Amino acid sequence: MGHMSGPLLIRGSVSVPETELLWRFSRSSGPGGQHVNTTDSQVELRFDLANTECLPPVWKERALAALASRLVGGFVSVRASEHRSQWRNRETAAARLASLLAEATAPPPKARRTTRIPRGINERRLQHKKRRADTKRGRSGKDWA
């Protein structure tokens, strides 16, 4: 995927334009050796969910409700610092944000319709239970002389 430029694809034809993504880079803890104190390899990607116009209104409502606990001033943010190179962290952060938004905007699952258990199945289950109980009762050596 190379360098993160261009829109961030969410689902279907919906995407977040590059102009709405705010990148911030800082020194990362973790792997890097002597290189670690010289490069800003940690990536923070922020997206203004509250004021965006790129998502369909229904999706936006869903996302705001689903991510309510993660929002800070209407912004949702993801961090990535597991790679040594900044661009790999950029890709990781972008992928994380995309999947987060895809999940948050997904339609709610269909409600489950309750179905009755057929009588035959239930009766067979009870018969099997009885047989099993009799077998086990027969194993206790109470009636042995």
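Everything quoted here is computed from the prediction, not taken from an experiment. The figures that follow rest on heavy atoms only: side chains count, while hydrogens, waters and symmetry mates do not.
Partners of R124 under the side chain to side chain contact (heavy atoms under 4.5 Å, CB included) rule, at least two apart in sequence or in another chain, are I121. For S99, there are no side chain to side chain contact (heavy atoms under 4.5 Å, CB included) partners, not counting sequence neighbours. Remark: L22 engages R46, F75 in a side chain to side chain contact (heavy atoms under 4.5 Å, CB included) (not counting sequence neighbours). Applying the side chain to side chain contact (heavy atoms under 4.5 Å, CB included) rule to E61 yields no partners; only residues at least two apart in sequence or on another chain are considered. Listed by chain and number, the residues in a salt bridge (charged side-chain N to carboxylate O under 4.0 Å, His left out) with E123 are R119 (sequence neighbours excluded).
Side chain of R79 to main chain of Q42: no donor-acceptor pair is present (N/O by atom type, distance under 3.5 Å, no hydrogens or angles). Judged by distance alone, the side chain of R70 and the main-chain N or O of S77 form a donor-acceptor pair under 3.5 Å. With N89 contributing its side chain and V43 its backbone, the two residues share no donor-acceptor pair below 3.5 Å.
V72 belongs to no hydrophobic cluster, as no Ile, Leu, Val, Met, Phe, Trp or Tyr side chain comes under 4.5 Å of its own.
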Exercise. Could you walk me through whether D48 and V76 pass the side chain to side chain contact (heavy atoms under 4.5 Å, CB included) check?
Worked result: CA-CA 7 Å; D48 191 354; V76 62; over 6 Å; no

For this session: Show your reasoning for whether side-chain hydrogen bond (donor to acceptor under 3.5 Å, both in side chains) applies to S41 and H83.
Result: CA-CA 8 Å; S41 60; H83 303 296; over 6 Å; no

Problem set entry | Full working for salt bridge (charged side-chain N to carboxylate O under 4.0 Å, His left out) between D134 and R137 | CA-CA 5 Å; D134 290 343; R137 205 178 305 120; 3.1 Å; yes

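The closest side-chain heavy-atom distance from R62 to P107 is below 4.5 Å. For the pair L97/L21, a side-chain contact is recorded, criterion being any heavy-atom separation below 4.5 Å from C-beta on. Within the 4.5 Å cutoff, the side chain of F47 has heavy atoms near those of the C54 side chain. Contact annotation: the side chain of I10 approaches that of W59 to within less than 4.5 Å [non-hydrogen atoms, C-beta and beyond]. At a threshold of 4.5 Å between non-hydrogen side-chain atoms, the residues W23 and E44 do not count as touching. Taking 4.5 Å as the limit, every side-chain heavy atom of V16 sits out of range of all side-chain heavy atoms of T52.
Criterion: ILVMFWY side-chain heavy atoms under 4.5 Å apart, direct or through other members. Under it, L9 and V78 are not part of a common hydrophobic cluster.
A salt bridge does not link R96 with E103: none of the charged nitrogens is closer than 4.0 Å to a carboxylate oxygen.
Here NE2 of H128 is found 10.5 Å from CZ of R125. Values are rounded to the nearest 0.5 Å.
Residues E53 and E20 share a closest heavy-atom pair of N-OE2, 4.0 Å.
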